[in-house]
> 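One structure, pasted below without further comment.
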Amino acid sequence: MNLFVNAFLWIFDPANWTPGSQSPLPIQDRLGEHLLYTFIAVLIAAAIALPLGFYIGHTGKGRQFVISFTGAMRALPTIGVLVFLTMVLGYSLVGTTANFLGTMIALVLLAIPSILAGAYSGLESVDRQTIDASRASGMTEMQILTRVEIPLSLPLIIGGLRAGVLQVIATVTIASYVGLGGLGRIISSGIGLNDYDEILGGAILVTILALLVDGVFALIQRLTATPGVGGAVETGRTRLRRRASGPLATVGTPIHEGNGP
Amino acid sequence: MNWLFSNFDMVVELTLNHVRLSIIPIIAGFVIAVPLGRLAATGRAARGVIITSTSLLYTIPSLPLFVILPAIIGTKVLSDTNLIVALSIYAVAIMVRAAADAFSSVSVDVKQASLAMGYSKWQQFWRVEFPLAGPVLLAGMRVVSVSTIALVSVGVLIGSENLGYLFFNGKQRGLLEEVVTGIVASLLIALVFDLVLVLLGRILLPWSRKDRTRRSADSETVSLTVTTGGAA
Amino acid sequence: MIEFRSVSKRFPDGTLAVDDFSIVIPSRQTTVFVGSSGSGKTTLLRMINRMVDPTAGQVVIDGDDVAKENPVQLRRRIGYVMQNGGLLPHRRIVDNVATVPVLRGVPRGEAREHALELLDTVGLDRSLATKYPRQLSGGQQQRVGVARALAADPNILLMDEPFGAVDPIVRLELQRELKRLQKDLDKTVVFVTHDIDEAFALADQVVIFRTGGIVAQVGTPSEVLGNPADEFVASFIGADRGQRQLHLEPRNPETGQVMVVDASGRPAGLLSDDESRASTGAASPS
């Protein structure tokens with residue numbers, strides 16, 4: 001446990017938070033980078049994956065393709081993709097730009113499957129009868145999507161985002177090895193200096209960040225669960241439905257996929 | 001292809017090492033997760049505790065886990081044991097959830113009927129629940145397999161010798177072919193493992209293919225969690 | 001008036017659900033489609049509001065071919081009630097009832113006000129308005145489904161096995177309510193069921209289907225019961241097994257009651273007091 005004490009001492013050492021200190025410090029800069037990369041990557045991934053997932057979930061078209069495609073994506077080794085993209089872009093771009101762009105593309109690619117799966121399986125989990133009744137009442141397809149399907153599947157959609165975000169946070173850590181910033185820089189510099197306090201300190205920082213973000217998303221998921229769903233009275237049918245959708249609820253969070261962590 | 005030909009022995013060696021490093025966590029994941037998953041399927045509280053704690057473990061990014069683990073269990077950062085333990089933790093985390101879903105998906109009626117016919121609890125588990133949970137367990141194993149094989153390469157950052165070596169060596173030497181070789185070899189391993197698992201499923205669970213349409217309601221949604229990682 | 005003119009439906013997988021079906025459904029009456037599953041009755045019902053489009057033939061409402069209408073607009077002026085209500089689980093009861101008016105642009109407050117009145121109409125307490133569907137019993141949910149269908153004041157009410165999932169006692173109650181509503185509101189009701197007793201209880205006109213959307217008989221309940229067109233109909237309505245052959249037992253000297261029994265001697269009910277006094281000897285209620 002002494003090791004952890006030292007690592008925490010390292011984390012809370014004011015010297016490591018002093019602005020302008022030698023790279024990879026100060027910690028807050030690396031933290032800021034880590035969050036910024038994550039945010040940008042997930043934003044782009046969501047802009048691509050959510051509409052696509054909604055389309056697939058609503059129409060049922062292309063489902064098989066997406067399952068195979070996301071499966072294949074998850075088999076890709078993260079570091080390999082990262083290195084490959086930065087190298088390919090490096091042929092035509094300046095080194096730092098190539099590294100940044102390559103990493104971003106890799107992060108976006110890695111976040112897409114989870115977000116996509118959350119969106120389409122979320123929509124699929126909505127009771128067909130509810131959708132049928134909405135259509136029969138005269139809702140347009142767009143109204144069914146925005147007023148029925150998305151509200152009812154919001155927790156699962158957020159779950160997909162949650163998985164994507166965590167995966168990106170994990171991968172940004174590794175991205176420091178291709179010369180990008182982020183908290184991974186602290187670990188890699190520690191490994192270079194053979195300074196275990198720094199290594200462990202960096203590792204703990206990433207872990208805390210991941211757990212905090214995960215917690216925030218868990219909270220959002222709970223808040224977005226619509227009050228009428230899973231309410232007091234359970235009929236046989238709803239119990240059945242919940243059993244069927246229970247496991248689905250895991251789509252988002254858990255399997256944060258392929259080479260997640 | 002020049003690089004590959006002149007370094008073929010090294011690639012083969014790294015591939016075999018990659019396979020070795022993957023197999024143990026995949027099997028450990030199954031062996032540890034099945035009893036935990038069965039326990040999680042017994043009730044809401046058990047499920048909450050088990051699933052929450054394992055998914056918290058899964059939230060820890062891989063590189064940090066690789067370097068934190070030695071401080072807890074006393075392994076050496078650079079040892080393969082360290083990597084294998086870390087990957088096993090992830091495998092268990094994925095598989096526990098799949099196993100819990102698998103056992104929950106077994107029809108209550110069938111379980112009641114088997115008890116009524118006079119199966120003991122133990123027989124019921126081995127002869128009824130375990131086989132019936134098979135399809136979903138298999139789907140979970142496919143995700144574990146794909147995920148583990150991809151993750152092994154992160155181990156190169158802490159000095160493990162596997163296909164991940166080709167990524168950094170290739171980057172340093174500016175050899176794209178080396179990097180691509182690493183990616184393709186890793187994908188091939190994943191593909192072969194997946195085929196083996198599917199084949200095992202065909203042999204061990206012949207009954208599960210017939211009534212696909214009927215099971216789909218339950219098992220398809222369940223395996224959605226899981227099959228998303230399926231086909232490599 | 002709703003007319004089916006030589007309507008057929010072949011699904012993409014090749015099954016012929018409905019074959020050359022024609023019928024006139026009179027306005028302000030209740031027409032019941034009855035048949036076992038796979039008889040195409042639900043498919044036909046769903047053609048009226050274009051949830052299904054026929055592969056051949058026309059469906060005509062008051063002289064207008066529905067195929068020429070925008071399906072969304074068409075559905076907003078036809079009420080639809082389905083099994084299990086099909087309510088939106090994330091909306092409160094009052095908002096569920098107000099769904100269609102809100103879609104049609106009625107201000108939310110006004111639509112809610114009207115929704116509360118509709119809850120009265122279908123016999124639900126207004127205190128349920130703020131609950132979510134899952135907090136209601138099956139029978140209550142079904143009433144909400146009816147209220148929602150009535151919200152846009154449609155002339156036509158389509159009901160697809162609406163009482164199929166509730167227990168027998170609640171079902172009888174809902175059937176009674178529907179008859180009362182129909183008397184008050186005077187809608188054209190098209191009702192699908194596989195329960196012949198329900199059909200006889202509600203229908204002005206009964207349409208009995210065979211498998212594949214083929215009509216076995218059309219008529220009033222008494223016509224069908226009194227003169228089944230063929231063996232299929234006789235078997236379907238239970239006439240061949242003696243379930244409809246009722247006769248009276250001798251008066252019980254102690255209670256003074258007259259028991260009605262079917263052909264195999266199973267009790268079917270008691271003759272009500274007035275009639276038993278009036279009638280003498282055996283009589284068949286059919």
> Does any non-hydrogen side-chain atom of L103(C) lie less than 4.5 Å from one of R147(A)?
yes
> Got a second to check how far Q73(C)'s CD is from T140(A)'s OG1, nearest 0.5 Å?
9.5 Å
> Looking at A136(A), is its backbone amide N or carbonyl O close enough to the side chain of R75(C) to form a donor-acceptor pair, meaning the two atoms are under 3.5 Å apart?
no
> Mark yes when over 12 heavy atoms from residues, nucleotides or ligands other than D29(A) sit less than 6.0 Å from its CG; otherwise mark no.
yes
> Out of V100(C), I78(C), L88(C), which residue meets the side chain to side chain contact (heavy atoms under 4.5 Å, CB included) rule with S137(A)?
V100(C)
> What part of E141(A) gets within 4.5 angstrom of chain C, counting heavy atoms only: side chain, backbone, both, or neither?
neither
> Taking everything shown except L223(A) itself, do over 12 heavy atoms lie less than 6.0 Å from its CG?
yes
> Are there more than 12 heavy atoms of other residues, nucleotides or ligands under 6.0 Å from atom CZ of R28(C)?
no
> With chain C as the partner, which of P151(A), A133(A), G138(A) has the greatest number of non-hydrogen pairs under 4.5 Å?
G138(A)
> Using a cut-off of 6.0 Å, state whether more than 12 heavy atoms not belonging to R222(A) lie near its atom CZ.
no
> Run the side chain to side chain contact (heavy atoms under 4.5 Å, CB included) test against V66(C) and tell me which residues pass, sequence neighbours left out.
R50(C), V59(C), I61(C), L74(C)
> Taking side chain to side chain contact (heavy atoms under 4.5 Å, CB included) as the test, write out the residues that go with I105(A), two or more places apart.
L85(A), L89(A), L109(A)
> Is there a side-chain contact between R46(C) and D132(A) in this structure, where contact means two heavy atoms from C-beta onward sitting under 4.5 Å apart?
yes
> Do the side chains of R76(C) and M139(A) get nearer than 4.5 Å, heavy atoms only?
no
